[in-house]
Amino acid sequence: MVTTVKYRGELIDAAHGNIKPDLVLKGGKIVNVYTGEIIKGDIVMKAHKIVGMYDEYDGKINIDVSGKYILPGFIDGHIHVESSMLSLSEFARVIVPHGTTSALIDPHEFANVRGVDALKLFMKNSRRLPLDLFMNMPSCVPSTHMETSGAEIDSKTVSTFIRHPKIVCLAEMMNFPGVLNKDEEVLKKINAVRTAKKRVDGHCPLLRGKALNAYIAAGINSDHESLSGEEALEKLRKGMYLMIRDGSAGKDMKPIVSYLLKKKVRLGRTFFVSDDKHPHDLINKGHMDEILRIAIKLGVDPITAVRMVTLNTAKHFGMRGHGSLGIGKVANVVVVDSLKNFNVELTVYRGKVVAKEGKLTVKLQPDEYDRATLNSVRLKKRFRAKDFMLKGKGSVKVIVAQDGSLFTGMKVVQMKEFRIDTKNDILKIAVIERHKGKNNHSVGFVKGFGLKRGALASTVAHDSHNIIVVGADEKDMAYAVDRLRELKGGIVAVSGNKVLAELALPIAGLMSTESIETVNKIYEELHKAAAMLGSRMSSPFMTLSFMALPVIPALKITDKGLVDVEKFSFVK
């Protein structure tokens with residue numbers, strides 16, 4: 001208590017000018033997200049708090065930012081770090097120089113491999129980062145009963161962990177059929193979170209009308225899966241917060257923002273999220289700063305756009321002290337060149353400069369992971385070509401993959417034999433359980449990848465992240481799977497029992513221990529290898545990773561079989 005009183009006394013003295021504050025950004029154009037004004041003045045910081053604004057101060061460190069704009073630190077309202085394939089520390093090294101000082105991370109992918117240990121490891125590794133990471137409690141581990149995950153998070157676990165101060169909400173409730181069908185376990189999770197007075201994030205693409213009413217009535221507050229302006233507006237009208245996504249996979253900003261602006265809808269209950277960001281986009285485009293640039297091009301008022309990556313997000317999640325520049329607020333501050341380009345020149349985290357002109361200025365410690373996380377690929381046997389053979393003939397339902405999309409089509413094809421047909425782009429696809437050594441596997445057919453030879457395989461396979469492999473040759477499929485076992489997780493492209501390119505992902509089979517530059521270089525080599533094998537997809541590995549996602553229509557495959565998502569049942 002004495003320390004707290006002394007600390008508060010120092011804040012008062014620094015604010016009053018009786019002692020020198022630690023850092024003063026002098027003469028900038030302060031963007032006030034409360035009033036919508038832009039006023040020239042100083043931002044004054046003592047320890048990790050803002051203690052002065054507009055008035056002139058002399059600090060221990062003074063930085064002249066005349067002519068520049070001073071903004072609150074950016075917040076990403078929903079992201080899966082695992083999608084970057086980077087360790088937590090490497091992810092921070094990349095996004096902090098782009099002005100991101102807070103992120104709400106959903107360790108859904110990691111948790112499907114390691115359960116609550118994933119949250120504990122992320123929390124442990126986040127303590128040393130120049131970035132405020134808030135956790136979403138994964139809601140769907142596993143996402144459905146139609147796949148085998150590496151762990152389970154039940155309602156009792158949710159009840160225990162949701163009260164942790166770093167956990168701000170229940171993550172995207174993608175099992176909307178479970179909600180609508182009043183699944184008892186699903187409703188217990190929602191009830192535990194609402195009892196703790198925290199938010200429940202939604203995940204309900206294409207849900208409209210009375211079904212949407214029922215979903216919201218269950219206690220769900222937000223959604224980031226709207227695919228059109230009409231769908232987005234319906235959710236806003238019915239009281240949801242709207243997350244507007246622009247990531248590497250889902251790019252929904254243009255249709256949604258354009259429609260809302262056309263309808264002159266107030267945007268106070270909307271905010272921007274990235275959801276998934278791949279290394280190429282992080283290196284070449286940026287993070288929330290890139291989203292701001294897109295928003296301005298679409299016609300969003302600059303201060304409104306800034307609110308949508310700061311104040312709106314913080315208000316929704318109850319992030320006290322974040323998302324604004326005000327006396328007593330957390331001193332997470334960004335300096336940019338303009339409200340059009342949003343080129344970040346300075347990032348201040350809790351009162352200290354942590355990045356300047358695109359480079360991190362503080363040293364980060366590497367992450368630490370336990371043995372189970374680094375040895376998550378458990379195959380009891382070596383797979384052979386015969387494991388991917390199918391006997392019979394007749395009609396078969398074929399997955400129709402769409403480049404870069406989470407959605408698939410379904411086509412019924414007549415076959416004289418259940419064999420690969422590269423002339424008609426009908427390939428084999430298989431999913432193999434890799435968590436518990438059961439080695440369940442299922443085999444089906446897929447159209448759209450265009451391979452003429454070889455195989456592509458990965459341990460990144462949403463949501464349970466079993467091994468997924470697509471191929472024009474069963475021998476190569478077996479070889480690719482075996483190579484993933486040797487790598488302890490990763491992504492490979494093979495042909496003729498030879499590895500053409502590979503990326504090791506030893507952290508739960510999802511993340512690399514290498515730098516973003518290395519990961520990006522190898523990932524580009526994988527794309528080139530896929531093209532050599534005949535694929536014309538721009539994102540073959542991302543597309544492959546979603547072929548096992550049994551909550552996004554229409555036809556998917558898991559280790560337990562072929563799934564008709566719209567019927568939410570296995571294909572017989």
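Values in this document were obtained by computation on a predicted structure and should not be read as measured data.
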Item to complete: Can you sort out the partners of Ala554 under side chain to side chain contact (heavy atoms under 4.5 Å, CB included), two or more places apart, ordered by chain and number?
Response: Glu566

Worksheet entry | Where at least one partner belongs to residues 546-563, residue pairs that pass side-chain hydrogen bond (donor to acceptor under 3.5 Å, both in side chains), sequence neighbours excluded | Thr148-Asp559, Asn440-Asp559

Worksheet item: Is there any ring-ring contact (aromatic ring centres under 6.0 Å, His included) pair reaching into residues 513-533, and which pairs are they, with sequence neighbours excluded?
Response: Tyr523-His527, His527-Phe541

Discussion item. List the residues meeting ring pair (Phe, Tyr, Trp, His ring centres under 6.0 Å) with Phe449, not counting sequence neighbours, and say none if there are none.
Written reply: none

Fill in: Lys124 to Phe122, cation-pi by 6.0 Å centre distance and 45° axis angle
no

Practice prompt. Could you tell me whether Asp387 and Lys381 make a salt bridge, using a distance below 4.0 angstrom between a side-chain N and a carboxylate O?
Written response: yes

Discussion item. Tell me every residue that passes side chain to side chain contact (heavy atoms under 4.5 Å, CB included) with Lys254, counting only those two or more places apart in sequence or in another chain.
Written reply: Ser258, Leu298

Practice prompt. Indicate whether any N or O donor in one side chain lies under 3.5 Å from an N or O acceptor in the other, for Ser569 and Asp564.
Written response: no

Worksheet item: Run the salt bridge (charged side-chain N to carboxylate O under 4.0 Å, His left out) check on Glu524 and Lys521 step by step: do they pass?
Response: CA-CA 5 Å; Glu524 288 179 350; Lys521 181 176 180 292; over 6 Å; no

Discussion item. Which label fits His78 and His224: parallel for a plane angle under 30°, tilted from 30 to 60°, or perpendicular past 60°?
Written reply: tilted

Donor-acceptor contacts, no H, no angles, side chain residues 395-402, under 3.5 Å, sequence neighbours left out:
none

Discussion item. Regarding Asp463 and Asn112, do their side chains bring together a donor and an acceptor under 3.5 Å, going by distance alone?
Written reply: no

Worksheet item: Leu390 and side-chain contact (heavy atoms from CB on, under 4.5 Å): which partner among Glu417, Met415, Lys428, Arg419?
Response: Lys428

Item to complete: Establish, for the pair Lys166 and Phe134, whether the NZ or CZ atom is under 6.0 angstrom from the six-membered ring centre and no further than 45 degrees off its axis.
Response: yes

Discussion item. Please give me the minimum heavy-atom distance between Leu282 and Ile516, naming the atom from each residue.
Written reply: CB-CD1, 3.9 Å

Worksheet entry | Value rounded to 0.5 Å, distance of CZ in Phe74 from OG1 in Thr100 | 7.5 Å

Response to the item:
One should read off an interatomic distance between His278 NE2 and Ser539 OG, to the nearest 0.5 angstrom, of 7.5 Å

Fill in: Leu88 side, atom CG; Asp367 side, atom CG - distance, nearest 0.5 Å
5.5 Å

Worksheet item: If every non-hydrogen atom of Pro550 is compared with every non-hydrogen atom of Val563, which pair is closest and at what distance?
Response: CB-CG1, 4.2 Å

